[in-house]
Number of protein chains: 2
Amino acid sequence: MIDPTPAHHRAPHVHDDVDQRIDAALELLREDGGRVTTARRAIVTSLYRGQDHHVTAEDVAAAVQAQHPDVHLSTVYRTLDALERLAVVAKVDLGPGPAVYHLVDHVHHHLVCDRCGTVIEVPGKVIEPLAAALEARVGFVASPHRLTISGLCRSCR
Amino acid sequence: MIDPTPAHHRAPHVHDDVDQRIDAALELLREDGGRVTTARRAIVTSLYRGQDHHVTAEDVAAAVQAQHPDVHLSTVYRTLDALERLAVVAKVDLGPGPAVYHLVDHVHHHLVCDRCGTVIEVPGKVIEPLAAALEARVGFVASPHRLTISGLCRSCR
DNA sequence: ATAATTGCAAAGTCTTTGCAGTTTG
DNA sequence: CAAACTGCAAAGACTTTGCAATTAT
């Protein structure tokens with residue numbers, strides 16, 4: 001999803017900030033020995049400009065293809081993989097169906113409703129006490145982006 | 001996986017108890033309007049007699065096929081589905097790779113190591129405080145069997 | 001130059017489904 | 001007997017991979 005808002009309708013500092021983060025991500029790819037291509041730039045831009053926190057590879061492909069029709073889904077998968085290795089995005093398996101990706105700087109966890117499939121985000125700090133307990137108890141360090149809890153949401157309860 | 005220990009080497013009350021639970025599960029299938037077939041009996045037996053808490057459909061098929069070579073994998077999937085609907089087993093997506101199933105009366109959660117793939121089980125009560133917080137905060141009722149936390153285990157840290 | 005990336009098509013993994021024949025209640 | 005279940009084969013959903021051509025550095 002590309003933000004359709006024309007640049008001059010957005011607050012300038014927001015624009016600059018997002019641009020900076022896009023450039024930073026691309027720079028990481030380069031530092032890793034990778035190349036920055038049109039496809040990769042479009043994919044990264046879509047991730048930062050999209051309004052959806054959770055996107056599937058297919059979502060990204062669709063958004064990118066609006067401008068660059070021949071960016072292939074497999075390229076999206078490969079780029080997302082690279083970005084995951086560089087800790088720019090996190091990949092989350094929310095049960096059956098495609099995996100979703102989100103930027104790692106959006107620290108949160110996922111409550112997935114078994115009945116309606118709704119995904120509720122909860123702020124990362126909600127699980128801090130649990131994470132501390134797990135670390136003390138079993139020496140397991142929870143990733144700040146990969147907690148998934150199934151259950152029933154308020155309306156399906 | 002079938003328990004290879006001959007019945008007379010096991011404590012009798014354990015044997016009886018497991019048998020009872022197997023019968024109870026089969027009875028649930030019947031009450032639901034289903035039939036109890038050789039395949040289903042073998043699958044349920046394998047779940048209760050297996051020593052592994054987490055089994056994939058393929059695991060179950062392999063175990064069952066040791067005695068009943070022509071029970072098909074698709075039958076295992078269908079039976080596991082039926083048992084899940086009846087809340088006898090829970091299906092858990094532990095990331096990429098096949099889903100794992102476990103009996104619901106074994107209440108626990110899963111810590112999956114991103115590096116080595118190890119699955120650590122933690123008792124269900126560890127997350128009770130978190131579950132209470134989530135319910136109060138967003139009205140989400142966590143399923144007692146479906147929490148998955150990714151991170152790094154003690155040795156991969 | 002040369003190593004990385006791309007599009008495409010094909011294969012891979014895990015799971016579901018249609019169907020005709022078999023079995024259960 | 002009617003309805004449910006089964007094996008099989010085929011399809012489906014999602015993801016990865018091999019390869020020759022293209023492109024970034």
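In what follows, every chain begins at residue 1, and chains take the letters A, B, ... in the order their sequences are listed.
Contact check, B/Y77 against C/dT15: a side-chain N or O comes under 4.0 Å of OP1 or OP2. One finds a side-chain N or O of A/T37 lying less than 4.0 angstrom from the OP1 or OP2 phosphate oxygen of C/dT6.
A straight line from CG of A/D32 to C1' of D/dT25 spans 15 Å, rounded to a whole angstrom. Going from atom NE2 of B/H72 over to atom P of C/dA20 covers 17 Å, rounded to whole Å. The CG-C1' distance, from A/D59 to D/dT15, rounds to 15 Å in whole Å. What separates CD1 of B/I43 from C1' of D/dT6 is a distance of 10 Å, to the nearest Å. Protein atom CG of B/L26 is 15 Å distant from nucleotide atom C1' of D/dA4, rounded to whole Å. The distance from atom CG of A/D93 to atom P of C/dT15 is 11 Å, rounded to the nearest whole Å. Computed from coordinates, the B/R30 CZ to D/dC5 P distance equals 12 Å when rounded to whole Å. Rounding to whole angstrom units, CZ of residue B/R40 and P of C/dG25 are separated by 10 Å.
Nearest-nucleotide mapping onto DNA chain D: of A/A99 and B/T38, the residue sitting toward the 5' end is B/T38. Taking the nucleotide of DNA chain C with the nearest heavy atom to each of B/S74 and A/G33, the more 5' of the two is matched to A/G33. Place B/R41 and B/E58 on DNA chain C by their nearest nucleotides, and B/E58 ends up nearer the 5' end.
Using a 4.0 Å cut-off between a side-chain N of Lys or Arg and a carboxylate O of Asp or Glu, B/R21 and B/D105 qualify as a salt bridge. A salt bridge links B/E27 with B/R30; the closest basic N to acidic carboxylate O contact falls under 4.0 Å.
Distance from the side chain of A/R78 is smallest for C/dT6 among the nucleotides C/dT6, D/dC14, D/dT6. Taking the side chain of B/L73 as heavy atoms from C-beta on, and the options C/dT15, D/dT16, C/dT17, the nearest nucleotide is C/dT15. When each of D/dT15, D/dT6, C/dC14 is scored by its nearest atom to the side-chain atoms of A/P98, the top-ranked nucleotide is D/dT15.
Judged by distance alone with a 3.5 Å cut-off, no donor-acceptor contact links the side chain of A/R35 to the base of C/dA4.
For A/H108 and A/H54, the side-chain atoms include at least one donor-acceptor pair closer than 3.5 Å. Neither side chain, B/E121 nor B/H109, offers a donor N or O lying under 3.5 Å from an acceptor on the other.
Formation of a donor-acceptor pair under 3.5 Å by the A/T79 side chain with backbone atoms of A/T75 is found in this model.
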